[in-house]
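Protein chains get the first letters and strands the later ones, always in sequence-line order, with residue 1 at the start of each.
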Amino acid sequence: MSILVIAEHNNEEIQSATANTVTAAKQLAEKAGCEISLLVAGHNCSAVAESASAIPGVSQVLLADCPALDKQLPENFAPYLAELVKSKSITYVMAPSTTHGKNVLPRAAALLDVAQISDITEIVDAETFVRPIYAGNALQTLKSSDSVKTMTVRTAAFDPAELTGGGCSVETLDAAADAGISRFISEEVVQSDRPELSTARIIVSGGRGMQSGDNFSMLEKVADKLGAAVGASRAAVDAGYVPNDMQVGQTGKIVAPDLYIAVGISGAIQHLAGMKDSKVIVAINKDEDAPIFNVADFGLVADLFDAVPELEAELG
Amino acid sequence: MKILVGIKRVVDANIKVRIKADNSAVDVEKLKMVVNPFCEIAIEEALRLKESGAATEVIAVSVGPDSCQEQLRTALALGADRVIHVATDEITQPLAVAKLFNAVVEKEKPGLVLFGKQSIDGDNNQTGQMLAALSGMPQGTFASELAFEGDEIIVTREVDSGLQKVALKLPAVVTADLRLNEPRYVSLPNLMKAKRKPIESMSVADLGIDITPRLSTVTVLNPPERSAGERVSSVAELVEKLKAEGAL
Ligand SMILES: Cc1cc2nc3c(=O)[nH]c(=O)nc-3n(C[C@H](O)[C@H](O)[C@H](O)COP(=O)(O)OP(=O)(O)OC[C@H]3O[C@@H](n4cnc5c(N)ncnc54)[C@H](O)[C@@H]3O)c2cc1C
Ligand SMILES: Nc1ncnc2c1ncn2[C@@H]1O[C@H](COP(=O)(O)O)[C@@H](O)[C@H]1O
């Protein structure tokens, strides 16, 4: 038995979602009694493999470095992954539940003729896993009868593993073929000096109550004082106030920071699905009956246009 | 070009579901059932492609018990040309649904398959990717914009880092994200008319697919409840409390 973790990276650096997935893999490795390999698939990504080899608890790094895997297009990556799983007799494949992981892993699972378990939040034993369904309103425990178990890992449910201190070998794999049915064209990566939503210790999120994209600068000022990330509700993204990568919720990013400050957000179940596991929740809303107050540790009924500038001033 | 659309029947997104007393499943009995919101976006896109002349026929397909014919009627009322019901009372997991769709794809040979990115009951986010794998089609998941260029479809995808554009050779599978379009409403007269339209029905046995679930449910439990905390009366009090809590 062995576990293969698919590393999340941008050909230059390992991304944080990998660290949470390694924690899940270590818990599984203990229960299943097996070793962990980490796959770095991409192009010109040997530096990533190099740093991955220092992750404690990983026994081996597999490096697949070739043009066909550059952007990890699923048409090229999934068949390659499926073959790798067969040739190395891998029994578990784990990927972070990011847009990359969700894109590639189900395609590989179908090629292997096995199910995928999405978004696991707990490992019960070597074949039993817990995952949220219905926007987190129910927790389903599933037992898998497949010979290869593939799963995506909800990163907010597992603490990040240490990424340095270990040392293992790197095995270079053969190149992947280009299936010739898909091409990468371009990417608009949102640049920000603030922490990423998925790793931030504090998140300040705005909703429709913000009224405009410009008004989000009020939240950014607070975020900068706190070293926080800025998030948003779907309504704020749909209205064009902020870009899609800021959406928190059932169908956006799932986060669990130490402190989540929801400003002008009503608290629909789909939004709560993305943040209700935060340690401390603050809600600022002018409607005292807003459902967000039902999950908030501290609720302030106020007009955000007064409260947010005051908060910024109060933080010094 | 034919477009095949996957339509799933799910509990209305506004309902907070309850779990059965024996913790075996979510209790969906007597709840309002609707077309999965992401499938609504998928069918809307298919209809717009037909209206713009890019597509010639829109076929909606649903896998499930007879009750899901209700959602196929909605698809007809919205403007689907044909609907296919793949009938089964068994629990169907994404791999099984993808295999059934693959059998339908082999019969119908669509130029494009449009799915939702995720069903809001199971929150799986798998079926489109799995169908793409089984049929050998490329996939454009989490689509927020589509354009045709020659024998390719250009898909703008909502990814964690922002937006990504890919070109896929047709036929392709595309899964709809929230911002692909704003679905139209179904009108009552059209819904009445749709009642008289035919629904093509086929069984799992007709398609010759083994749909035995690979995953079995052990339990379904309530998540830990979060209770309302306290109200603070001013920003100063809020900051003070957060500091005392160690959150700031
Ligand atoms: C399939 C599906 C998936 C979805 N996925 C997501 C998701 O991933 N994430 C998500 O967030 N939503 C999601 N939604 C949408 C969700 O149902 C809600 O519509 C959305 O979260 C509402 O956003 P909001 O709270 O910003 O807006 P609203 O519900 O309009 O709330 C605005 C709030 O701002 C308050 N307000 C207004 N002005 C002020 C002011 N001056 N001062 C203080 N307060 C003020 C109001 O009192 C109100 O409570 C999804 C919906 C569906 C159907
Ligand atoms: N039983 C079904 N019938 C028709 N389409 C389905 C069914 N299950 C899933 N789909 C399609 O696959 C998409 C993603 O579902 P899922 O993988 O379950 O999250 C849905 O939005 C539908 O378009």
Name the member of [options] that forms the most heavy-atom pairs with chain B at distances under 4.5 Å.
options                                : result
A:Leu111, A:Asn103, A:Ile269           : A:Asn103
A:Val301, A:Asn244, A:Val190           : A:Asn244
A:Val282, A:Asp119, A:Asp258           : A:Val282
A:Gln247, A:His100, A:Gln191           : A:Gln247
A:Val130, A:Asp277, A:Val114, A:Val308 : A:Val114
A:Ala268, A:Ser144, A:Ser186           : A:Ser186

Which portion of [X] sits near chain B, non-hydrogen atoms under 4.5 angstrom:
X        : result
A:Leu105 : neither
A:Glu75  : side chain
A:Lys149 : neither
A:Ile181 : both
A:Thr152 : neither
A:Leu272 : neither
A:Asp113 : both
A:Ala302 : neither
A:Leu226 : side chain
A:Lys253 : side chain
A:Ala78  : neither

Contacting moiety of [X], where chain A heavy atoms sit under 4.5 Å:
X        : result
B:Ala98  : neither
B:Thr219 : both
B:Val173 : neither
B:Val239 : side chain
B:Pro223 : both
B:Glu237 : neither
B:Ala172 : neither
B:Arg18  : neither

Does CG belonging to B:Leu31 count more than 12 external heavy atoms closer than 6.0 Å?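 Yes, enclosed.
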Tell me if the CD atom of B:Glu29 is crowded by more than 12 foreign heavy atoms within 6.0 Å. no
Listed partners of A:Glu187 passing side-chain hydrogen bond (donor to acceptor under 3.5 Å, both in side chains), at least two apart: A:Lys71
Select, from [options], the one with the greatest count of heavy-atom pairs under 4.5 Å involving chain A.
options                                : result
B:Ala25, B:Pro138, B:Ser161            : B:Pro138
B:Met130, B:Gln129, B:Lys169, B:Gln126 : B:Gln126
B:Leu95, B:Leu163, B:Asn23, B:Leu134   : B:Leu163
B:Ser216, B:Gly128, B:Ser144           : B:Ser216
B:Glu225, B:Gln118, B:Gln139           : B:Gln139
B:Leu168, B:Leu238, B:Val26, B:Ile153  : B:Val26

Salt-bridge contact A:Glu188-B:Lys165 (side-chain N to carboxylate O under 4.0 Å):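 A salt bridge is absent here (no side-chain N lies under 4.0 Å from a carboxylate O).
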Could you state the interatomic distance from [atom1] ([X]) to [atom2] ([Y]), rounded to the nearest 0.5 Å?
X        : Y        : atom1 : atom2 : result
A:Gln270 : B:Ile120 : CD    : CD1   : 7.0 Å
A:Ile261 : B:Leu242 : CD1   : CG    : 6.5 Å
A:Asn137 : B:Lys16  : CG    : NZ    : 5.0 Å
A:Asp146 : B:Leu215 : CG    : CG    : 6.5 Å
B:Leu178 : A:Arg234 : CG    : CZ    : 4.0 Å

Can A:Ile185 and B:Val166 be said to form a side chain to side chain contact (heavy atoms under 4.5 Å, CB included), step by step? CA-CA 5 Å; A:Ile185 301 180; B:Val166 291; 5.6 Å; no
Closest non-hydrogen atom pair between [X] and [Y], with its separation:
X        : Y        : result
A:Ile133 : B:Gly122 : CG2-O, 3.8 Å
A:Leu300 : B:Ser234 : CD1-N, 3.7 Å
B:Asn125 : A:Pro106 : O-CG, 4.0 Å
A:Asp297 : B:Arg226 : OD2-NH2, 2.7 Å
A:Thr251 : B:Lys117 : O-NZ, 2.9 Å
B:Leu248 : A:Ile202 : CD2-CD1, 4.4 Å

Taking the six-membered ring of A:Phe293 (Phe, Tyr or Trp), confirm whether the NZ or CZ of B:Arg231 is under 6.0 Å from its centre and within 45° of its axis.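 Pair B:Arg231/A:Phe293 counts as cation-pi.
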Test A:Val280 against B:Glu245 for side chain to side chain contact (heavy atoms under 4.5 Å, CB included), laying out the working first. CA-CA 9 Å; A:Val280 175; B:Glu245 188 89 357; 4.1 Å; yes
Counting distance only, does the side-chain N/O of A:Ser118 pair as donor-acceptor with the main-chain N or O of B:Asn124 below 3.5 Å?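 Here the side-chain-to-backbone pair exists.
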Within the structure provided, determine whether A:Leu139 and B:Val220 are in side-chain contact (heavy-atom separation under 4.5 Å).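 No; the side chains remain at least 4.5 Å from each other.
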So do B:Val218 and A:Thr128 actually touch side chain to side chain, heavy atoms under 4.5 Å?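 The answer is yes; the side chains approach within 4.5 Å.
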Candidates B:Asp123, B:Ile15, B:Val11 - the one meeting side chain to side chain contact (heavy atoms under 4.5 Å, CB included) with A:Tyr134: B:Val11
Checking A:Gln116 against B:Arg214 for the side chain to side chain donor-acceptor pair (under 3.5 Å) test, could you report, in this order, the C-alpha distance in whole Å, the side-chain angles of both residues, the deciding distance, and whether it holds? CA-CA 9 Å; A:Gln116 183 199 277; B:Arg214 308 299 183 79; over 6 Å; no
